[in-house]
Q: 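Supplied in structure tokens, the structure appears directly below.
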There are 2 protein chains.
Amino acid sequence: MKRPTIRDIARAAGVSPTAVSFALNGKNGISEATRERILNAANAMGWAPNPVARALSISRSHAVGLVIPRPKSAHSSERFFFHFMLGLQSTLAGADLGLMTHMSTSEDDELEAYRKWWAQRRVDGVFVLDPRQDDPRDSLLHDIGMPAVFVGDVQAHSGAVLAQDAGMMRVIAEHLRERGKTSWAYICGRTSKTHIRLRVEALTAYAQAHGVHLQVVAETEFTEHSGYIETNRLLASQVVPQALIFENEILALGGIQALADNDMKPGRDVFVVSCEDSAICRIVTPAISAIDRDPSTLGQHAAQVMIDMLEGATPYTLQEGVPHLIVRASSAGNRD
Amino acid sequence: MKRPTIRDIARAAGVSPTAVSFALNGKNGISEATRERILNAANAMGWAPNPVARALSISRSHAVGLVIPRPKSAHSSERFFFHFMLGLQSTLAGADLGLMTHMSTSEDDELEAYRKWWAQRRVDGVFVLDPRQDDPRDSLLHDIGMPAVFVGDVQAHSGAVLAQDAGMMRVIAEHLRERGKTSWAYICGRTSKTHIRLRVEALTAYAQAHGVHLQVVAETEFTEHSGYIETNRLLASQVVPQALIFENEILALGGIQALADNDMKPGRDVFVVSCEDSAICRIVTPAISAIDRDPSTLGQHAAQVMIDMLEGATPYTLQEGVPHLIVRASSAGNRD
DNA sequence: CTGAAAGCGCTTACAG
DNA sequence: CTGAAAGCGCTTACAG
């Protein structure tokens, strides 16, 4: 009934606990024959390591942490979190690392969670979401010595994974140019966020290089209504855009509404593309073309950076691969 | 730099480690004066318990686990999981319990995760999602002695939290009757699932008690198309329903499409209500009335059952509170 | 190549 | 009311 310990298997194999520990951990100083005998005994007795005891010895918990910040405002990001976690777990599993999660209610709560996890040696490192410039969390984690991987932006002291913002815009741009669209508008939210700034820059550069007329509408709310308003405004402007790129699907929804009110058919008269995908894009009529972000891959990358850091690598940064545009009815026509 | 241990604070307070342990854990056998001296010393030195060491001593990990089953098919449930976890954490935090998560790729993987967590003493108990009748997981967990709380159905050996299926239908029924609707249709999916059977029963009972004409359309796919087909069929039937209750928002979407094709206005000519809420219900035109499931509360309840079980209570079952109907345009008119 | 021993930080019978 | 001691299961210098 009781689980076997290394003492038990030492007794069974007729060796010392030390030898067992060495054999089990693949250290040398054990003859091949002895090692085999020990491993057999361990298997026969169904031995599994007790990570708690191991953690107490070596001061490592074999778990990492993820705090999901400010869930009150995170409603639109549920899909992202879910698939990001999926990716994390799939590669953490390979390194036998568990994942602890915490949902924070405020930034203080988040910092407190890090301190507590670290003080209690509950986790060996953490993933940090929604980074911003000069993020205070980077300093805190560095000060207490806690390994961290930031998701979305580079930091001074921690590892990071980066989304492909420029690459994403390039994919959209190529799609539109391929379909003969030469006048675009990009309806993005506030450009204060790093990743949106990057997108604007990439799109602008592309447009200039290829003689495309581009209007950028910034400083909008992320609501259907503001997508509607801005689209109407664009349709009334001197150069009516042939393609509308929306920061997310909520804005795009408003845009489609505006097109309908102006008797324009999305996908025929004007192309519509969203930088963010969701069930809404699939279900709405017409379905909206959208970038498939694949947060799962981002999670896998983040996990890999963490694993390497825990094995002693200096913090480094990994780029997300080139994203993919799911072409739906809202931008499917007019190939020439 | 090094974290203080109970030895350190024992030395500082001039007592034995035993005394410190007793004082810190609020056991008696320590004079009030001594206890205070010890607590002061602990605070002054910034002592925090090392849960790993404690776990090794008392064989408890102070963490519980949640495995999210079969993520491949879980796309529609991301919102549920997210908010369920939110609820879990908010009450687990009060009991100082951490949460470990795992996403399983198959049922075998899930069972393996339980075994491993338990063998390694990583968690003290687990939450189990998507229960079905005679769930094999109940036996497994019982066999290995792992405390478990099932979410959605009662089990032979474990604790459980139950959704309010009957209550949900009653809320919808009252809303419809209040607005003068006396002929309804309920478009549900397969009735093989326990919770759908419960809903049908509750709705049927209510309709009979109040002289409402009710048609139940079962055995439909959970797709927009099948919502469309079934609604068209209902509109052509002898008794055209004045209100359509859809199992989820995807079916409802198809229903609204069918109404539009028949020149009927949802919310005026025919009421539409969905048993499942999501961004889609808010965003579509007209917005769809829907039950606000609040998976977060369900999570809080589940956590409470777990906490009690870990403190020695026999497994018990908790009912979710009465759900709330969010009334939107699709069923807002005709009050009389 | 191998074993006896101390230690990780806490808890808990057991003696005083 | 209090302390010395053993133990949880593993790791790792240290001696042979």
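Every chain is numbered from 1 and lettered A, B, ... according to where its sequence line falls, protein lines coming before strand lines.
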Q: Under 6.0 Å between the ring centres of A:Phe82 and B:Phe82?
A: no
Q: Round to a whole Å and report the spacing from CZ of A:Arg122 to P of C:dC10.
A: 14 Å
Q: Is the shortest side-chain heavy-atom distance between B:Ser16 and B:Phe22 below 4.5 Å?
A: no
Q: Rounded to whole angstroms, how far apart are CD1 on B:Ile38 and P on D:dG3?
A: 8 Å
Q: Examine D:dC8: is either OP1 or OP2 under 4.0 Å from a nitrogen or oxygen in the side chain of A:Thr5? Give yes or no.
A: no
Q: With heavy atoms under 4.0 Å as the rule, sort B:Ser59 into base, sugar-phosphate or nothing.
A: nothing
Q: With rounding to the nearest 0.5 Å, note down the distance linking CD in A:Gln120 to NE2 in B:His62.
A: 9.5 Å
Q: If you define the side chain from C-beta out and look only at heavy atoms, does anything of B:Met103 sit under 4.5 Å from B:Val67?
A: no
Q: Is a salt bridge present between B:Lys116 and A:Asp96, judged by a nitrogen-to-oxygen distance below 4.0 Å?
A: yes
Q: In dot-bracket notation, what is the pairing pattern of DNA chain C, taking Watson-Crick (N1-N3 plus N6-O4 or O6-N4) and G-U wobble (N1-O2 and O6-N3) contacts under 3.5 Å, with [ ] crossing and | for other strands?
A: |||.||||||||.|||
Q: Can you label the angle between the B:Trp117 ring and the B:His102 ring as parallel, tilted or perpendicular, going by 30° and 60°?
A: perpendicular
Q: Tell me: CZ of B:Arg60 to C1' of C:dC10, nearest whole Å?
A: 15 Å
Q: Start at the 5' end of DNA chain D and walk down; is the nucleotide closest to B:Ser16 or to B:Leu56 reached first?
A: B:Ser16
Q: Spell out protein contact along nucleotides 11-16 of chain D as letters: B when the base is contacted, S when just the sugar-phosphate is, - when no protein heavy atom is under 4.0 Å; keep the 5' to 3' order.
A: BBB---
Q: Starting from C1' on D:dG9, measure out to CZ on B:Arg121 and report it in whole angstrom.
A: 12 Å
Q: Heavy-atom distance under 4.5 Å between the side chains of A:Leu129 and A:Leu66, does that happen here?
A: yes
Q: If only side-chain N and O atoms count, and only distance matters, is there a donor-acceptor pair under 3.5 Å linking B:Asp294 with B:Thr297?
A: yes
Q: Starting from P on C:dA4, measure out to CZ on A:Arg7 and report it in whole angstrom.
A: 11 Å
Q: Among side-chain atoms of A:Thr101 and B:Gln89, is any donor-acceptor pair under 3.5 angstrom?
A: yes
